[in-house]
Amino acid sequence: MLASVDDIVNVINNSSNIVFFGGAGISTESNIPDFRSTDGLYNMEYDYPPETIISHSFFINNPKEFYRFYKNKCLKPMLNAEPNATHKALSKLEKEGKLKAIVTQNIDDLHHRAGSKTIYELHGTSFRNYCTKCGKEYSIEEVVNDKNDIMTCECGGIVRPDIVLYEEPLDDNVVSKSIKAISECETLIIAGTSLVVYPAAGLIRYYRGHKLILINLSKVPNEDEIDYVYHGKAGEVFSRFL
Ligand code: APR
């Protein structure tokens with residue numbers, strides 16, 4: 001059912017075992033574009049569809065084009081971004097013992113930078129990079145500052161971000177921890193996601209409780225199954241906890 005900010009704040013205040021499931025819409029208030037909003041990454045003009053570019057086969061076959069898109073459209077906005085009210089409030093709710101885990105589809109590291117500890121990054125993170133040949137690790141700064149069209153390791157291997165590209169599987173360990181947290185929680189908050197990318201979006205079906213909250217600017221599939229629906233900015237709700 002549709003809920004007000006006050007309704008959602010009350011449910012959260014009366015919950016002691018909360019899990020948060022988030023997507024790119026959580027970071028738009030940190031000036032990182034999401035993917036499917038009208039001003040999102042996937043609605044900008046490119047030579048190829050972005051879902052094609054950030055795929056395993058495209059990375060292997062067109063590493064130069066992959067890096068051009070990834071550096072300009074993914075990395076650059078992240079480097080200048082700061083945690084917003086939602087990231088900070090979630091960190092505070094965790095410190096108060098109310099929030100048990102964050103399950104995120106985001107790769108921007110903002111939950112870590114806000115001080116959250118239990119974070120399951122379903123799609124990996126741009127802040128870890130490694131050589132595909134010898135496994136040597138590289139920082140995001142080294143990747144951004146690399147002047148070559150394709151970043152290569154001293155050993156000659158191509159360096160890639162530790163993110164889950166299309167056509168690649170999610171990490172089993174991250175998935176099983178996410179499912180455990182979601183299946184055991186009293187209150188599941190879903191925010192800033194279109195819930196259209198699987199298997200990530202499918203994890204919410206493991207929720208067993210009756211305090212399922214959605215905080216999202218636009219409608220998502222199967223909204224009628226959600227207990228509390230607020231169509232607005234995540235910051236409007238979470239700024240109430242700061
Ligand atoms: N507050 C709440 N919701 C917001 C906000 C905001 N400030 N800004 C945007 N939204 C909503 C949008 O309305 C949209 O429904 O967040 C949602 C973002 O959806 P997507 O852009 O599809 O992002 P996401 O769901 O995270 O995408 C999932 O797709 O391409 C892959 O790997 C990529 O992890 C990503 C996955």
Side-chain angles (χ1 to χ4, degrees), residues 2-5 8-9 12 20-44 46 48-59 66 69-70 73-75 77-78 81-90 102-111 114 119-127 160-171 174-175 178 189-204 213-223 226 228-241:
L2 289 180
S4 68
V5 172
I8 290 181
V9 169
I12 293 172
F20 179 84
F21 182 96
I26 293 308
S27 297
T28 56
E29 292 171 69
S30 295
N31 300 316
I32 298 178
D34 65 13
F35 296 95
R36 295 174 182 83
S37 291
T38 44
D39 57 349
L41 214 50
Y42 292 173
N43 291 313
M44 299 174 190
Y46 299 106
Y48 305 87
E51 287 101 319
T52 302
I53 300 175
I54 51 175
S55 71
H56 181 82
S57 46
F58 195 92
F59 172 75
F66 171 88
F69 176 88
Y70 175 66
K73 299 302 174 189
C74 299
L75 286 193
M78 286 184 211
E82 292 297 329
N84 60 49
T86 301
H87 299 107
K88 292 172 185 170
L90 291 170
I102 290 172
V103 180
T104 184
Q105 300 169 89
N106 296 348
I107 59 175
D108 58 31
D109 203 52
L110 288 177
H111 288 298
I119 306 166
Y120 301 133
E121 294 171 312
L122 295 172
H123 293 161
T125 174
S126 289
F127 287 65
R160 63 160 286 172
D162 192 10
I163 60 176
V164 179
L165 299 173
Y166 278 101
E167 303 161 4
E168 294 180 342
L170 303 188
D171 179 286
V174 173
V175 170
S178 301
I189 304 171
I190 302 167
T193 178
S194 56
L195 286 180
V196 295
V197 173
Y198 285 76
L203 299 188
I204 63 171
I213 296 171
L214 173 76
I215 304 164
N216 208 64
L217 274 180
S218 56
K219 286 177 79 68
V220 301
N222 308 317
E223 263 191 23
I226 298 176
Y228 302 90
V229 174
Y230 176 68
H231 284 307
K233 287 191 171 186
E236 291 163 11
V237 173
F238 287 101
S239 54
R240 297 277 290 273
F241 293 92

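We number each residue from 1, following the sequence as shown. Hydrogens, waters and symmetry mates play no part in the numbers below; they use all other heavy atoms, side chains included. Computed from a predicted structure; not experimentally measured. Each ligand, and each atom within it, is numbered from 1 in the order the structure gives.
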| F66 versus F58, closest heavy-atom pair with distance |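 In this case the closest contact between F66 and F58 is N-CE2, 3.7 Å.
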
| query | So, for R36 and V197, which heavy atoms are closest and what is the spacing to 0.1 Å? | reply |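 So the two residues come closest at NH2-CG2, 3.1 Å.
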
| field | Heavy-atom check, side chain of V174 versus side chain of E121, under 4.5 Å | value |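 V174 vs E121: side chains apart.
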
| Are any of the side-chain heavy atoms of V220 and T193 separated by less than 4.5 Å? |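 The answer is no; the side chains never approach within 4.5 Å.
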
| Distance-only polar pair, side chains of T86 and E29, donor-acceptor under 3.5 Å |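 No, no side-chain donor-acceptor contact under 3.5 Å.
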
| Step-by-step side chain to side chain donor-acceptor pair (under 3.5 Å) determination, E167 to S57 | CA-CA 8 Å; E167 303 161 4; S57 46; 2.8 Å; yes

| Exactly which residues line ligand 1, taking a heavy atom under 4.0 Å from it as the test? |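 Lining ligand 1 at under 4.0 Å, by heavy atoms, one finds G23, A24, G25, T28, E29, D34, F35, R36, S37, Y42, Q105, H123, Y166, G192, T193, S194, V197, N216, L217, S218, G232, K233, A234.
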
